[in-house]
Amino acid sequence: QVQLAESGGGPVQAGGSLRLSCAASGATFSDYAMGWFRQAPGKEREFVVTISRNSMTYYADSVKGRFTISRDNAKSTVFLQMNDLKPEDTAIYYCAAWLMGESPVIVTENPGYWGPGTQVTVSS
């Protein structure tokens, strides 16, 4: 069982940047693929980005070129650097984890574990 805790959210003006962090505890971090999802008011939760155990990445088209995911296994932490933020990026951002084997697959659906979320609000 892994516990996830997000931080770094808050208000920001359009065109600005934020860096989200997700700290994992209770398990071997390097055994997990990690990712971020988001949910805006009145909308379904949507996939944002994933990073594999060996740091291969896959981004949703809506954030490609603006967001960057990275991981620090020594700190059991995954980061999401968000640049050129737009009002449509406003959402609760959730950290997610998948327990993985050794095969280098990309996963984008049905994570086994979720953090409680952190609010990002982008104003015009």
Side-chain angles (χ1 to χ4, degrees):
Q1 177 76 187
V2 64
Q3 279 71 234
L4 306 174
E6 304 95 339
S7 62
V12 64
Q13 291 185 324
S17 298
L18 283 175
R19 181 177 170 89
L20 305 184
S21 298
C22 174
S25 62
T28 302
F29 184 71
S30 60
D31 288 344
Y32 292 81
M34 303 296 297
W36 294 90
F37 292 73
R38 66 186 183 185
Q39 187 166 21
K43 294 188 175 182
E44 296 181 351
R45 191 170 300 187
E46 66 173 344
F47 167 78
V48 177
V49 61
T50 190
I51 184 166
S52 73
R53 293 177 64 187
N54 66 348
S55 294
M56 297 293 292
T57 59
Y58 181 76
Y59 296 85
D61 287 344
S62 59
V63 306
K64 194 176 300 181
R66 299 188 298 120
F67 291 11
T68 304
I69 191 171
S70 60
R71 65 189 295 160
D72 185 339
N73 287 348
K75 297 182 180 295
S76 296
T77 302
V78 64
F79 304 95
L80 183 64
Q81 179 66 46
M82 304 186 295
N83 297 327
D84 191 25
L85 283 160
K86 305 175 185 295
E88 51 264 44
D89 295 319
T90 294
I92 300 174
Y93 283 72
Y94 297 92
C95 183
W98 297 258
L99 180 61
M100 304 296 294
E102 295 298 324
S103 58
V105 298
I106 298 295
V107 287
T108 62
E109 297 179 317
N110 301 317
Y113 307 93
W114 296 94
T118 186
Q119 177 72 50
V120 172
T121 303
V122 185
S123 59
S124 301

Can you see whether F29 has R71 sitting over its ring - NZ or CZ less than 6.0 Å from the centre and within 45° of the normal?
yes

Donor-acceptor side-chain pairing of S17 and N83 below 3.5 angstrom:
yes

Students often mix this up, so state it plainly: with edges at 30° and 60°, are the rings of F37 and W98 parallel, tilted or perpendicular?
tilted

Is there side-chain contact between Y59 and D61, with at least one heavy-atom pair below 4.5 Å?
no

Is there a path from L99 to V78 through hydrophobic residues (I, L, V, M, F, W, Y) whose side chains come within less than 4.5 Å of each other?
yes

To the nearest 0.5 Å, what is the distance between CD on Q39 and CD on Q119?
11.0 Å

Distance col, row S70:OG vs F79:CZ, nearest 0.5 angstrom, shows 6.0 Å

Is D89 paired with K86 through a side-chain N to carboxylate O contact shorter than 4.0 Å?
no

To check you understand the geometry: which heavy-atom pair defines the closest contact between S124 and P87, and what is its length?
OG-CG, 3.6 Å

Kindly indicate, with the supporting measurements, whether the criterion side chain to side chain contact (heavy atoms under 4.5 Å, CB included) is fulfilled by M56 and I106.
CA-CA 8 Å; M56 297 293 292; I106 298 295; 4.0 Å; yes

Do W36 and L20 have side chains that approach each other closer than 4.5 Å (heavy atoms only, starting at C-beta)?
yes

Any sub-3.5 Å donor-acceptor pair from S62's side-chain atoms to A60's backbone N or O?
no

CA sep, side-chain torsions, deciding dist, call: V12, T121, side chain to side chain contact (heavy atoms under 4.5 Å, CB included)
CA-CA 6 Å; V12 64; T121 303; over 6 Å; no

Are M82 and I92 joined in one hydrophobic group, where the rule is that I, L, V, M, F, W and Y side chains link up if heavy atoms are under 4.5 Å apart?
no

Evaluate side chain to side chain contact (heavy atoms under 4.5 Å, CB included) for W114 paired with L4, printing each intermediate quantity in order.
CA-CA 6 Å; W114 296 94; L4 306 174; 5.6 Å; no

Judged by atom type as modelled, is there a donor-acceptor pair below 3.5 Å linking the side chain of T90 to the main-chain atoms of V122?
yes

For M34, is there any backbone N or O sitting under 3.5 Å from a side-chain donor or acceptor partner on T50?
yes

Within a reach of under 6.0 Å around NZ of K64, are more than 12 heavy atoms found that belong to other residues, nucleotides or ligands?
yes

Just by modelled atom types, is the C22 backbone N or O under 3.5 Å from a matching donor or acceptor in the E6 side chain?
no

Considering non-hydrogen atoms only, spot the tightest contact between G35 and I69 and give its length.
CA-CD1, 4.2 Å

Just wondering, are more than 12 heavy atoms of other shown residues or ligands nearer than 6.0 Å to CD in E88?
yes

A side-chain contact here means heavy atoms from C-beta on lying under 4.5 Å apart; do Y32 and V2 qualify?
yes

Would you mind reporting whether L18 and L85 have side-chain heavy atoms less than 4.5 Å apart?
yes

Less than 4.5 Å apart, any side-chain heavy atom of Q3 and any of Y113?
no

Within the side chain of R38, is there an N or O that forms a donor-acceptor pair under 3.5 Å with the backbone of V120?
no

For residues P116 and A5, report the shortest heavy-atom separation together with the two atoms involved.
CD-CA, 4.3 Å

Spell out, yes or no, whether Y58 and I51 are grouped together once hydrophobic residues are joined by side-chain heavy atoms under 4.5 Å, including indirect joins.
no

Stacked cation flag R45 on Y94, 6.0 angstrom / 45 deg
yes

Counting C-beta onward and ignoring hydrogens, is there a side-chain heavy-atom pair between L80 and R19 closer than 4.5 Å?
no

Strictly distance-based, threshold 3.5 Å: is any side-chain N or O of R53 a donor or acceptor partner for the main-chain N or O of S30?
yes

